[in-house]
Amino acid sequence: MSRIPQLFSKRSEKVIPFLTAGYPNKLDTVNMVLSAEKSGAAMVELGMPFSDPLADGPIIQRASQVAIENGVNIKWILEIVIDIRMSSEIPLVLMGYINPIIKYGLEKFLQDCKKVGIDGLIIPDLPPEEAEKFVKLARTNHISPILLVAPNTSSERINLISKLAVDLIYCVAILGITGSENNMGNLKEYLARVGENSICPFIVGFGIKNREDVVKINKLAHGAVVGSAIINAIRGSGSSVDTVKNYIERLVK
Amino acid sequence: MYNQPDNQGHFERFGGKYVPETLIPAINELEKLYNEVKGDPEFVSKLSKLLKDYSGRPTPLYYASRISDELGFNIYLKREDLNHTGAHKINNALGQILLAKRMGKTRIIAETGAGQHGVATATVAAQFGLECIVYMGEEDIRRQKLNVFRMELLGAQVRPVSSGSKTLKDATNEAIRDWVTNVENTYYLIGSVVGPHPYPMMVRDFQCVIGNETKNQFTYYSKSEIQNPIPDILVACVGGGSNAIGMFYPFLNDDVRLVGVEAAGFGVQTEKHAATMTKGEFGVLHGSASYLLQTEDGQIKLPHSVSAGLDYPGVGPEHSFLKSIKRVEYISVTDDEAIDAFQWLSGKEGILPALESSHALAFLKNKQNGIKAGQNVVICLSGRGDKDVHTVADYLGKEV
């Protein structure tokens, strides 16, 4: 059963780090997730690398490339989730593009996600127009399909998307790709509109970097996703596990 | 009757709109506008006038007598190389720029491989006074220097792309990322029958002028007594597949053998080819579902072809569909065979074909091509070969 409805049943400040699975190496991923949890992450989003990530900026593109070179694939990611689940009950979401999932087999993928204890899935190149089968299979396997909305999504469409998603939706903060500059400009109006039209809780990501952003986002939404900023910090550091720990501690307080 | 795609842009399991939510309003707006204007006499006549007065259409259907005599069947060349800017790409660029204008967009972006689509886009952007940015892989910039300078002369900014294979696939990724970021004022002028719906359908429709003209012109050429004579075989090269679909589509309901030729690079038994139809598997790239060159983990493979315009790991969704229903045969031709055909046509007919089109020509010389004596074969000569002279010289080890 997805841990997501339970997590979002009460309003509290939530930090949701994004980590590319297998970056910077395969050895550290499990410990990075566990240390994120200890540092106060409410949920962790694990990125499944793809060679052509259309919605991602240079930082996550590079991390994905390194992960692919490290031999990361869906099978390996599901195996490390088993390791994580031996000592953690933190809500876990996988984010990835549809092509590797199609190659793995959509139905098998959702069944295997259920088996290893994944709670939700984010597929940025699968808008509602193409998501029917995915949403149905996710429901059958008790996994939350976390559909996306953007600042230019109409109010009617936000409503429709939230009804499809049921448990949680993901608001792209800006018109742009991950890691872009985000001046937190028109967010208030946009997220108020999401709040009025969505039947479910919503988290916000893209361009969120620091404690100040996290506080602001959590006032307007139900959680803040921080991705490129953490990946960028890992890139220049000696110990990725310590970097994740320190970075998230600073985001949380 | 052939009637594809459906309302959602699906050619059965191919096609669709696999894009981030941010782009959905833009492609839905485009789809709505395109459906409004495609039957609008004013739009149609405006486009026809541009095709005629600006691009020089109709392009000739030329009976190539010397190569016909050599091979024992009748070869007709549809001279898309005689278009303004030197390739069929302008047919589509003119159609789309009219849409961009109507949508009030001020900024045009495009991806390019060989540079022909980039040149066509830069040309129409200059003609309509719009800002133009063309994404091009660093590898392609190296092998198509002439076209890069042409685009700059036309006032476009060429942005080098250094990710991945540094070719068309990566240029397309970068163009889509730009579009996601600047969707409000930017029109993405896609150069082939790829991308999310409505692009594959719309680009096809704009390129159908090739097949429609061919139909009329062939009637004029034919000496037979039968009514509405049609050719026996149509041949076109396939990268994304826009010239091929433009040639084939008007003939889909006719009794014509259709052959799409893709790039086998060093050979389909090697890792260095771009033979998506021969070796690809079902998947999703750049907004639609089609056959793709991919690894067992679903990562996109780096393609290879001597021809920059065919150097793409995907193919249009409609071609994927036409293969699946076996309406079109897809075969592949190696770099060597294409270079040979390039020299052959140049020497025998006085026409330098683009390396892309040389792949289609090479099919004629293949002993197993199944063409019977006396048959009428139309080749889509999609572009001219001036841009490829340096590549061919390099390939042959000659200094220019």
Side-chain angles (χ1 to χ4, degrees), chain A residues 48-58 61-62 64-65 67-69 71-77 96-105 109 123-133 147-154 157-158 161 169-172 174-178 180-181 206, chain B residues 7-10 13 15-29 31 161-165 169-186 195-197 281-290 292-302 313-314:
Chain A
M48 303 188 286
F50 180 47
S51 53
D52 297 80
L54 290 180
D56 286 303
Q61 283 175 44
R62 203 179 306 111
S64 303
Q65 201 51 49
I68 292 168
E69 282 159 19
V72 170
N73 58 18
I74 290 179
K75 187 168 167 277
W76 178 81
I77 293 168
Y97 294 81
I98 191 66
N99 194 61
I101 297 172
I102 291 174
K103 194 74 180 45
Y104 188 87
F109 176 68
I123 308 179
D125 55 351
L126 207 64
E129 281 78 355
E130 305 295 344
E132 197 183 327
K133 197 173 161 201
L147 302 178
L148 295 97
V149 302
N152 57 352
T153 307
S154 71
R157 209 175 143 88
I158 292 171
I161 289 170
I169 59 175
Y170 185 124
C171 303
V172 175
I174 47 162
L175 296 178
I177 51 180
T178 58
S180 302
E181 261 326 293
F206 282 42
Chain B
N7 290 337
Q8 269 71 52
H10 293 116
R13 67 182 177 137
K17 294 177 177 174
Y18 292 88
V19 290
E21 180 62 26
T22 315
L23 294 179
I24 290 284
I27 61 174
N28 285 350
E29 184 193 356
E31 183 185 355
V161 176
S162 60
S163 55
S165 59
K169 166 184 86 98
D170 309 281
T172 308
N173 288 339
E174 239 16 84
I176 294 175
R177 290 184 187 117
D178 179 314
W179 195 25
V180 171
T181 309
N182 301 295
V183 64
E184 288 181 316
N185 69 347
T186 298
H197 183 63
E281 292 171 275
F282 180 82
V284 169
L285 179 68
H286 297 150
S288 58
S290 71
L292 298 175
L293 297 178
Q294 53 182 312
T295 68
E296 57 183 34
D297 291 333
Q299 308 297 350
I300 306 304
K301 276 192 188 172
L302 304 186

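In the text below, chain A, chain B and the rest are named by the order of the sequence lines, each starting its count at 1. Just so you know, these numbers use all the heavy atoms, side chains as well, and skip hydrogens, waters and symmetry mates.
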Student: List in chain and number order the residues that pass ring-ring contact (aromatic ring centres under 6.0 Å, His included) with A/Tyr97, two or more places apart in sequence or in another chain; answer none if no residue qualifies.
Tutor: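 Residues passing ring-ring contact (aromatic ring centres under 6.0 Å, His included) with A/Tyr97: A/Phe50.
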Student: Of the backbone (N, CA, C, O) and the side chain (C-beta and beyond), which part of A/Gln65 lies under 4.5 Å from a heavy atom of chain B, both, or neither?
Tutor: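 Nothing of A/Gln65, per the 4.5 Å heavy-atom cut-off to chain B.
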Student: Taking side chain as everything from C-beta outward and backbone as N, CA, C, O, which of these in A/Ile74 sits under 4.5 Å from a heavy atom of chain B? Side chain, backbone, both or neither.
Tutor: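 For A/Ile74, no heavy atom lies under 4.5 Å from chain B.
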Student: Say whether, by atom type as modelled, one donor and one acceptor occur between the side chain of B/Glu21 and the main chain of A/Val149 under 3.5 angstrom.
Tutor: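 Pair absent, no side-chain N/O of B/Glu21 close to backbone of A/Val149.
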Student: So, does A/Asn99 use its side chain to make a donor-acceptor pair with the main chain of B/Val284 at under 3.5 Å?
Tutor: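 Yes; judged by distance alone, with no hydrogens or angles, the pair exists.
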Student: Given heavy-atom pairs under 4.5 angstrom as the criterion, report whether the side chain, backbone, both or neither of A/Arg62 touches chain B.
Tutor: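 The answer is neither part of A/Arg62.
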Student: What part of A/Ile123 gets closer than 4.5 Å to chain B, counting heavy atoms only: side chain, backbone, both or neither?
Tutor: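 Neither part; nothing is under 4.5 Å.
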Student: Residues two or more places apart in sequence or in another chain: which of them pass ring-ring contact (aromatic ring centres under 6.0 Å, His included) with B/His197?
Tutor: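 None.
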Student: So which residue, A/Ile102, A/Asp52, A/Ile174, A/Ile177, ends up with the most heavy-atom pairs under 4.5 Å with chain B?
Tutor: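 Winner by heavy-atom pair count: A/Asp52.
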Student: Could you check A/Lys103 against B/Glu281 for side chain to side chain contact (heavy atoms under 4.5 Å, CB included), going step by step and ending with a plain yes or no?
Tutor: CA-CA 9 Å; A/Lys103 194 74 180 45; B/Glu281 292 171 275; 3.4 Å; yes
Student: In terms of heavy-atom proximity below 4.5 Å to chain A, should B/Thr172 be classed as side chain, backbone, both, or neither?
Tutor: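 When you check distances to chain A, no heavy atom of B/Thr172 falls under 4.5 Å.
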Student: So which part of A/Ile98 gets closer than 4.5 Å to some heavy atom of chain B, the side chain, the backbone, both or neither?
Tutor: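 Side chain only.
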Student: Between A/Pro58 and chain B, which part of the residue has a heavy atom less than 4.5 Å away: side chain, backbone, both or neither?
Tutor: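 Neither part.
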Student: Would you sort out whether B/Asn28 and A/Glu129 count as a side chain to side chain contact (heavy atoms under 4.5 Å, CB included), showing the intermediate values?
Tutor: CA-CA 11 Å; B/Asn28 285 350; A/Glu129 281 78 355; 4.1 Å; yes
Student: Name the region of B/Pro20, side chain, backbone, both or neither, that has any atom closer than 4.5 Å to a heavy atom of chain A.
Tutor: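 It is both, since atoms from each part get that close.
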Student: Using atom types as modelled and distance alone, determine if a side-chain donor or acceptor of B/Thr22 lies under 3.5 Å from a backbone N or O of A/Ala150.
Tutor: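 Such a contact is absent between B/Thr22 side chain and A/Ala150 backbone.
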Student: Most heavy-atom pairs under 4.5 angstrom with chain B, which of A/Pro53, A/Pro151, A/Ala131?
Tutor: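 Greatest number of close heavy-atom pairs with chain B: A/Pro53.
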Student: Using every non-hydrogen atom in the two residues, find where B/Ser163 and A/Gln61 come nearest and quote the distance to one decimal.
Tutor: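 It is CB-OE1, 4.4 Å.
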Student: Are side-chain heavy atoms of B/Ile24 and A/Arg157 found at a separation under 4.5 Å?
Tutor: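 Yes - at least one pair of side-chain heavy atoms lies under 4.5 Å apart.
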Student: May I ask you to decide if A/Pro49's main-chain N or O and B/Gln299's side chain share a donor-acceptor pair within less than 3.5 Å?
Tutor: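 Yes: the side chain of B/Gln299 pairs with the backbone of A/Pro49.
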Student: Under 4.5 Å heavy-atom distance to chain A, tell me which part of B/Ile300 shows up: side chain, backbone, both or neither.
Tutor: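 For B/Ile300, backbone and side chain are both near chain A.
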Student: Tell me, do A/Leu54 and B/His286 make a side-chain contact under 4.5 Å, heavy atoms counted?
Tutor: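 A side-chain contact exists here, since the closest heavy-atom pair is under 4.5 Å.
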